[in-house]
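Since the structure comes first, as structure tokens, the remarks are kept for the end.
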Amino acid sequence: MSDATTPAPAATAPVSMDNLVALAKRRGFIFQSSEIYGGFNGFFDYGPLGAELKKNIRDCWWADMVQRRDDVVGIETSIIMHPKVWEASGHVAGFSDPLVDCKVSKQRYRADQLFFSPVVVTAADGVAQTVGYVSALESENTAGELQTAAESFKRKKAIQGTLCPVVAKDLTEAREDEIALIPSPATGEPGSLTAPRAFNMMFQTNVGAMTDGSSVAYLRPETAQGMFVDFKNVVDTGRVKLPFGIAQIGKSFRNEITPRNFIFRSREFEQMEMEYFIHEDADWSKVHEEWIAWCEAWLKSIGLPDSHLSRYAHPKEKLAFYSRGTVDIMFKYPFGVQELWGIAARGSYDLTQHANASGKPQEVFDEATKKKFVPHVIEPAVGVDRIFLAVLCAGYAEEAVTDEKGNTETRTVLRLSPRIAPVKVAVLPLLKNKEVLVARAQALYKKLQRRYAVFYDETAAIGRRYRRQDEIGTPWCVTIDFDTIEKPGDTFTLRDRDTMQQRRVTEAELFALLEEQVY
RNA sequence: GCGGCUAUAGUUUAGUGGUAAAACUCCACUCUUCCAAAGUGGUCUCGUCAGUUCGAUUCUGACUAGCCGCUCCA
């Protein structure tokens, strides 16, 4: 990798998501999925330019992460894996938090954190009767709160008899007829709570002809488990030794409750993940920091400006129990600073889980100590779609341009790094009714096309063609003009997208520029 | 999943209970010697499904989608 080659965007008005979405559609980057049927929430299609841009992001990552490193290998695992993978990983249990809504206050509670108890009163004749219900949120003294609430309930309703001790249960244990009688903690009145509903974020499907419980399988909610499950295969066949990484790019699926912010959170998305395995005694925090720095440098290499990037270290008390530390690289989107790339130190949790669940040890042998151990792992995980959105947001600019007559107009430009720009060069004959210009332009176009994504355009005035390319982020336009034909040297006009400056270059100089900038 | 607002051409918008428009874009042709030139012509539209009505893009309802706020993001 080298340093960023794209200049930082000029100070312009804040990017509006509406304008960005409009451009994405107008120029064929992103369409809503199934649009002619009214759209489908949480799913997106990538158009001709979007597919190119996305592929370039993927290819750059793969080249830098896998091909240009000696310590990382790539794999591609199946989207549907054995259901036990997701039991071992904790996703089946972790995804099933049932939630309860209060229809009046619009508050939402986790059912396992909302407790209730029947208020049972024993009358003078010794008959116990349930006279109502009380509820309380989970706290250090849930039972005590319920007891106090029950006493208050009995006093308010002026019920005679002896109050029995409360029996705290959480809402997941409530019967349907009980839910109607349990008061909402928000309003204190019964009748507004919904039954607990499980929001399992994994998409389910069935494998094979049978659709009974035994055939249930899941679309993967992350690609990472593929690397863990294939760990031994790679170790045994890949001639790798610690420390080393296994990387994968692929689609993942999560049944998000609220997909939002364009492609930022969608239900089908593409991940680029890498599991970097290290010795159990290695200094994980040093490796962790190295990977964070690597990820930041990589983001800059594809044109994301430093000014939009920041770090967020997850507070220790909020980490998942198996995590030793997680740092997110954040990006300043128009809708807020949001997570772009998570770099997690996961210890040996995943491999240990799979070793236990499968009964197959996931260990490597240490020649130095003659001992076996389960490696620890550092995991940088990033979404392709989030990077895609980030480069659009960072690159999009509406500039005021003044022509020689003094008229000011708006130029919409997408400042994409040459590394990822969907079109690297546009080849333009100055005039399309001059055969000599067209012929030279076609020849150059054909030659460039063998190595690069290039675009040929002879329609409309030259200025309009430049602006079209500005909007889709093409870094350079090459114009074949009369000087090309009439003057010695066979030079073209090379027009730079960001500066709008023009200079003359030869074919060799053009190829040298591309060789240097597009990698 | 809840609430509020919204839905007319590729984009941004006007408009109407009686066969729907503007600007820009896009395409073709003419023209054009470097930054969205001009002329002519052209393609494309009332989110979906019902209801009311002689007739619905317009009124009503449901649905779907979008934005905003909650919630959620293991």
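In what follows, chains are A, B, ... by sequence order, proteins preceding strands, each numbered from 1.
Panel note: side chain A/Arg497, backbone A/Gly473; a donor-acceptor pair is recorded below 3.5 Å. Side-chain N or O atoms of A/Asn56 include one that pairs as donor or acceptor with a backbone N or O of A/Ile420 at under 3.5 Å. Side chain of A/Thr506 to main chain of A/Glu509: a donor-acceptor pair is present (N/O by atom type, distance under 3.5 Å, no hydrogens or angles).
When distances are taken from the side chain of A/Asn261 to each of B/C35, B/C68, B/A37, the shortest belongs to B/C68. Considering only the side chain of A/Glu409, B/C35 comes nearest among B/C35, B/A74, B/U33. The nucleotide whose nearest atom lies closest to any side-chain atom of A/Leu431 is, among B/U33, B/C35, B/C26, B/U33. When distances are taken from the side chain of A/Asn41 to each of B/A74, B/A65, B/C26, the shortest belongs to B/A65. When the nucleotides B/G10, B/U33, B/A74 are ranked by their closest atom to the side chain of A/Arg254, B/A74 comes out on top. When distances are taken from the side chain of A/Arg27 to each of B/C26, B/C68, B/C34, the shortest belongs to B/C26.
Using P as the reference atom, B/U64 and B/U48 are 15 Å apart when rounded to the nearest Å. Between B/A38 and B/A23, the distance separating the two P atoms is 13 Å to the nearest Å. For the C1' atoms, the distance from B/G42 to B/U25 is 14 Å, rounded to whole Å. Of the C1' atoms belonging to B/U45 and B/C26, the separation is 15 Å, rounded to the nearest Å. A gap of 12 Å separates the P atoms of B/U58 and B/C49, to the nearest Å. B/G61 and B/A7 have their P atoms separated by 15 Å, with the value rounded to a whole Å. Using C1' as the reference atom, B/G66 and B/A21 are 24 Å apart when rounded to the nearest Å. The C1' atoms of B/G15 and B/U71 are separated by 39 Å, rounded to the nearest whole Å.
Computed from coordinates, the A/Arg465 CZ to B/C27 P distance equals 12 Å when rounded to whole Å. For the pair A/Arg411 CZ and B/A36 P, the computed distance is 11 Å after rounding to whole Å. Atom CG in A/Asn433 sits roughly 18 Å away from atom P in B/A38 (whole-Å rounding). Between the CZ atom of A/Arg260 and the C1' atom of B/G4 there is a distance of 12 Å, given to the nearest Å. Nucleotide B/A74 holds its P atom 18 Å from the OH atom of A/Tyr218, rounded to whole Å. Counting to the nearest Å, the C1' atom of B/A65 and the CG atom of A/Asp18 are 15 Å from each other. A/Leu437 places its CG atom 12 Å from the C1' atom of B/U32, with the value rounded to the nearest Å. Between the P atom of B/G66 and the CG atom of A/Leu20 lies a distance of 16 Å, rounded to the nearest Å.
A stacking contact between A/Tyr37 and B/U64 is absent: the pair does not combine a ring-centre distance of less than 5.5 Å to the base's six-membered ring with planes differing by less than 30°.
Across every strand in view, B/U48 sits in a pair with B/A62 that passes the Watson-Crick or G-U test at under 3.5 angstrom. Base pairing annotation: B/A37 forms no Watson-Crick or G-U wobble pair, as no partner gives both donor-acceptor distances under 3.5 Å. Nucleotide B/A23 forms a Watson-Crick or G-U wobble pair with B/U11, both donor-acceptor distances falling under 3.5 Å. When both distances must be under 3.5 Å, the Watson-Crick or G-U wobble mate of B/U43 does not exist. A 3.5 Å limit on both hydrogen-bonding distances identifies B/G69 as the Watson-Crick or G-U partner of B/C2. The partner of B/U53 cannot be assigned: no Watson-Crick or G-U wobble pair with both contacts below 3.5 Å exists in any strand.
Residues A/Glu275 and A/Arg346 are not paired through a salt bridge, judged by the lack of any N-O separation under 4.0 Å between the basic side chain and the carboxylate. Using a 4.0 Å cut-off between charged nitrogen and carboxylate oxygen, A/Arg464 and A/Asp457 do not count as a salt-bridge pair.
Side-chain N/O atoms of A/Arg497 include none lying less than 4.0 angstrom from OP1 or OP2 on B/C35. Note on A/Arg468: a side-chain N or O is less than 4.0 Å away from OP1 or OP2 of B/C26. OP1 and OP2 of B/C31 both lie 4.0 Å or more from every side-chain N or O belonging to A/Lys432.
Ranked by how close their nearest RNA chain B nucleotide is to the 5' end, A/Glu222 and A/Arg504 are led by A/Arg504. In terms of position along RNA chain B, the nucleotide closest to A/Thr479 lies nearer the 5' end than the nucleotide closest to the other residue of the pair A/Met17 and A/Thr479.
Residue contacts shown for A/Glu35 are absent, as no nucleic acid heavy atom lies under 4.0 Å away. Within 4.0 Å of A/Glu458, counting heavy atoms only, lies no atom of the nucleic acid at all. Contacts of A/Ala22 with the nucleic acid, taken as non-hydrogen atoms under 4.0 Å apart, involve only primed sugar atoms and P, OP1 or OP2. Note on A/Glu471: a base of the nucleic acid sits closer than 4.0 angstrom, heavy atoms only.
Residues A/Asn261 and A/Tyr333 fail the side-chain proximity criterion, which asks for heavy atoms closer than 4.5 Å.
Under 3.5 Å, the side chain of A/Glu256 and the base of B/C72 form no donor-acceptor pair of N or O atoms.
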**Request:** Begin with the C-alpha distance, continue with both residues' side-chain angles, and end with the deciding distance and a verdict on side chain to side chain contact (heavy atoms under 4.5 Å, CB included) for A/Val391 and A/Ser417.
**Result:** CA-CA 9 Å; A/Val391 296; A/Ser417 158; over 6 Å; no
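Centroid-to-centroid, the aromatic rings of A/Phe262 and A/Phe44 come within less than 6.0 Å.
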